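Structure, as structure tokens:
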Amino acid sequence: MAKAEDLRRKLRTAQAESIASNMYLTLAVNGFIAISLGLVLHGAADDWKIASWLGCVVFINGARYAFLQACKRYKLMRRDPDRVLRALVAGALASGLCWAGIPLFFHDAASGTYHGQIFFIITGVAAGAMIQSTAYARHAIAFFGPVLLATVFTFLQAGDMLQTVVGINASMLLMLMTRASLKSEAAYVAAQNAALTATSLARSLSQANREIQSKNGRLEVLANRDPLTGLVNRSVFHDRLKQMVEACQDNRCKLAVLVLDLDRFKSINDIYGHHAGDRVLIEFSERIMECVTPDDLVGRLGGDEFAIVIAGPDAPGRARQVAEAIVSRAADPVTIAGRRATIGTSVGIAHYPEHASNASDLFTFADMALYEAKALGRRRVVSFNDTLCNRVQRERLIESSLEQAISSGEIRAVFQPQVVIGTGEVIGFEALVRWTSPTLGEVKPAEIVDAANVVHHSRALTGLMANEACRLVALLDRRGLPHATVAVNLSPREFASYSPSALLTETIARHGVRASRIEVEITEEALLDTKSSEAELKALDQAGFKLAVDDFGMGHSSFAYLLDFKIDVLKIDRSFVHGITTNRHNQALVTALISAGRALDIDVLTEGVETVEDAETLRLLGCRLAQGYLYGKPMRIEDIEGWLDQSTSAHHPFAKT
């Protein structure tokens, strides 16, 4: 809060200094133009009126000049910029009211020459005020507002056609200048904030650099230890684990690896802040150390993830005892921000050599056991077991069979339609991967994608889906749907192994398909990990592909990320849609997402629509596009023509929604 207030104060100071730097020239020009105007009016009005008006201008300009000198002498702009800005606006308003007297009191005297010479001078003065006050709109508006309002009033009350037209034009000029002043200030504020933030960051980096240099002797410790808890870091932990496994291969000793993390730790950071979260991590690491011996290896791997290695002939039994002790100790309340709260932990265990013969598998299996513990309800201890072993065996069988399944056509693409709610108009399809294996049975899409990433076949899998998507585009063209798109899913993990944008560009060129017909679906994870995904997302956008964010609302993204990329479609996750007819909470969430999408000019599509009632509710909430079993199940290209024929029938169920 203090930092934000400091930045606001610096911004106000910059605005005041910007106005002041232009004020001396502004006052000089103002006085010169006033004298010129007096000469124009000489002979057309009483000299005493002209002299009185000029005296008013000189007095006000003199007062404004004196105020500027006082600000400079006593450094008022840095001491109280808000008060200085108010005084500058007041001076501009006084000057504007004085100049407003020209159209009000000298209109009749100027007669026919008024809308020529006088109007030219008046509008020039007003425009000059706007140009000289781009940093603070109120300063400019305070001057030209009264002047132009008086001009508009004078012309409109004159009654004849010519002056009425001029008055209307003057009112339009007033609106345009007001809008321009506000936009100029907004641009100035944005630029100034960016400069102030950059300066602040540069100072912070400079300070950090000085601190690092002053503590050069601690670099070795920082390289090997987690700076928050003092435990060994991820790199050191894995190196030591590998060494211990290699040593045990010769000595036939036993090891146990425990992987643990805090249950729902993110909520602590969200509710109490990261400082409180750090205090919890320190407290948790101390509790871990109470449950182990000095011979055990304990490390913090990152975030709220910790790991322990226990060695010795009794490693399996002692690992269970240590894990249960940590779970029990972690359940004791902690004080967070002055309030007592209860945290918890889950633990996964794997043994060497019973479960794995190398360090990598040993840690992976312990990590799998941890996720199983969390899936079973948290605050549990789970050892790697036959069920998890079978899962690993299945994963590895999937990985070894994947390449052949892709090349043989065993892995195929199916397509689910996307329609306009209420009319049934087909606006596109989503490509979904399917694999029915003679040995594995039905392989889930997530299993296919994970395996492709592990064995580096993501490019081949995406290429298959992209080719099928292009085939469907050709079919849609033949069926008179030249604007319907086909969505292809991309995992953000693919961005690190190859260039999806290059692959898709090559594919559509080979099929003669426009990029705008292919919609690339990504998850919120890709928006968050801008380091690895930003270049690819920009390349996809520049190539003309549409971008969609899948399952929006399920992750930790925000609409701020959507502003960084040109997103065309948001897909609301099916969990918000199922039963929405009776779920007020989900209705509110979906309404908020739809409203935000409209504000950002992004189409919103709801997934998982299965009933007419839910479709009608979504329509009433303002949702226009939908996808789900109500409209059509995923189908092969060969079945789509028949579905399209059926979808045009008035008897088709979604034609009534």
Side-chain angles (χ1 to χ4, degrees), residues 361 364 389-418 428-479 485-513 515 517-523 536 540 545 550 627 629 632-644:
D361 284 350
T364 298
C389 183
N390 291 335
R391 188 185 303 171
V392 172
Q393 291 175 351
R394 176 178 172 82
E395 288 176 357
R396 293 187 173 173
L397 184 56
I398 291 172
E399 292 165 6
S400 63
S401 307
L402 185 69
E403 183 177 11
Q404 176 62 26
I406 292 174
S407 60
S408 68
E410 201 170 277
I411 292 180
R412 56 190 174 83
V414 294
F415 300 89
Q416 187 171 32
Q418 301 168 337
F429 289 81
E430 178 183 2
L432 303 169
V433 65
R434 294 291 186 268
W435 181 10
T436 303
S437 167
T439 55
L440 295 164
E442 290 291 336
V443 183
K444 296 178 181 178
E447 293 178 310
I448 301 172
V449 172
D450 289 343
N453 183 66
V454 171
V455 296
H456 307 292
H457 288 320
S458 295
R459 191 180 193 281
L461 180 62
T462 300
L464 182 153
M465 301 301 290
N467 274 303
E468 291 297 287
C470 289
R471 285 183 58 210
L472 178 55
V473 169
L475 170 62
L476 296 175
D477 284 343
R478 293 196 301 270
R479 290 302 303 259
T485 60
V486 181
V488 176
N489 288 276
L490 281 183
S491 167
R493 289 174 293 176
E494 297 180 48
F495 296 153
S497 58
Y498 73 99
S499 172
S501 61
L503 171 64
L504 292 175
T505 301
E506 293 170 6
T507 304
I508 63 173
R510 189 165 60 251
H511 287 270
V513 171
R517 300 294 299 281
I518 301 297
E519 183 176 280
V520 178
E521 286 195 14
I522 57 175
T523 60
E536 275 301 309
L540 288 166
F545 295 100
D550 198 13
Q627 174 180 340
Y629 279 11
K633 294 183 178 181
M635 64 194 88
R636 303 193 69 165
I637 289 182
E638 293 76 11
D639 302 321
I640 288 177
E641 284 209 72
W643 179 88
L644 287 172

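The shown structure was predicted, so the numbers you read here are calculated from the model rather than taken from an experiment.
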Check: Roughly how far apart are Ile448 CD1 and Glu399 CD, rounded to 0.5 Å?
Finding: 13.0 Å
Next item on the list: Only counting residues at least two apart or in another chain, list the ones meeting side chain to side chain contact (heavy atoms under 4.5 Å, CB included) with Glu403.
Entry: His457
Check: Can you find a pair of side-chain heavy atoms, one from Arg517 and one from Ile508, that are under 4.5 Å apart?
Finding: no
Checklist line | Donor-acceptor under 3.5 Å (Ser407 side chain, Gln404 main chain) | finding: yes
Note to self: Restricting to non-hydrogen atoms, name the atom on Pro417 and the atom on Gly632 that form the minimum distance, rounded to 0.1 Å.
What the structure shows: CD-O, 3.7 Å
Next item on the list: Starting at CD of Glu641, measure out to CG of Leu476 and round the result to the nearest 0.5 Å.
Entry: 9.5 Å
Check: By side-chain hydrogen bond (donor to acceptor under 3.5 Å, both in side chains), which residues pair with Asn489, not counting sequence neighbours?
Finding: Glu430
Note to self: With a 4.5 Å cut-off on side-chain heavy atoms, are Gln627 and Phe429 touching?
What the structure shows: no
Check: Do Ile406 and Leu402 touch side chain to side chain, with heavy atoms closer than 4.5 Å?
Finding: yes
Next item on the list: Kindly compute the distance separating OG1 (Thr507) from CD1 (Ile518), expressed to the nearest 0.5 Å.
Entry: 9.0 Å
Item checked: Exam field: side chain Glu410 to backbone Ser437, donor-acceptor pair closer than 3.5 Å -> no
Margin query: Contact between Ser401 and Leu397 at the side-chain level, heavy atoms closer than 4.5 Å - yes or no?
Written below: yes
Margin query: Would Arg636 and Val414 count as a side chain to side chain contact (heavy atoms under 4.5 Å, CB included) here? Give the steps.
Written below: CA-CA 5 Å; Arg636 303 193 69 165; Val414 294; 4.1 Å; yes
Note to self: As an exercise, state the distance from CD1 of Ile398 to CD of Gln393, rounded to the nearest 0.5 Å.
What the structure shows: 12.0 Å
Could you go through residues 459-475 and list every donor-acceptor pair under 3.5 Å that involves a side-chain atom there, pairing it with any protein atom two or more places apart or in another chain?
{"unit_1": "Thr462", "atom_1": "OG1", "unit_2": "Ser458", "atom_2": "O", "d": "3.0"}
{"unit_1": "Thr462", "atom_1": "OG1", "unit_2": "Glu494", "atom_2": "OE1", "d": "2.7"}
{"unit_1": "Thr462", "atom_1": "OG1", "unit_2": "Tyr498", "atom_2": "OH", "d": "3.0"}
{"unit_1": "Asn467", "atom_1": "OD1", "unit_2": "Arg510", "atom_2": "NH2", "d": "3.1"}
{"unit_1": "Asn467", "atom_1": "OD1", "unit_2": "His511", "atom_2": "NE2", "d": "2.7"}
{"unit_1": "Asn467", "atom_1": "ND2", "unit_2": "Gly463", "atom_2": "O", "d": "2.9"}
{"unit_1": "Glu468", "atom_1": "OE1", "unit_2": "Arg471", "atom_2": "NH1", "d": "3.0"}
{"unit_1": "Glu468", "atom_1": "OE2", "unit_2": "Arg471", "atom_2": "NH1", "d": "3.1"}

Notebook entry, point to check: About how many Å separate CH2 of Trp643 and NZ of Lys633, when rounded to the nearest 0.5 Å?
Noted result: 14.5 Å
Margin query: Between Val513 and Val486, is there a side-chain heavy-atom distance shorter than 4.5 Å?
Written below: no
Next item on the list: Please tell me if the side chains of Phe545 and Pro500 come closer than 4.5 Å, counting only heavy atoms from C-beta onward.
Entry: no
Check: Nearest heavy-atom pair of Arg394 and Val443: which atoms, and what distance?
Finding: NH2-CA, 3.7 Å
Notebook entry, point to check: Considering all heavy atoms of both residues, which atom of Ala487 and which atom of Glu521 are nearest to each other, and what is their separation?
Noted result: CB-OE2, 3.4 Å
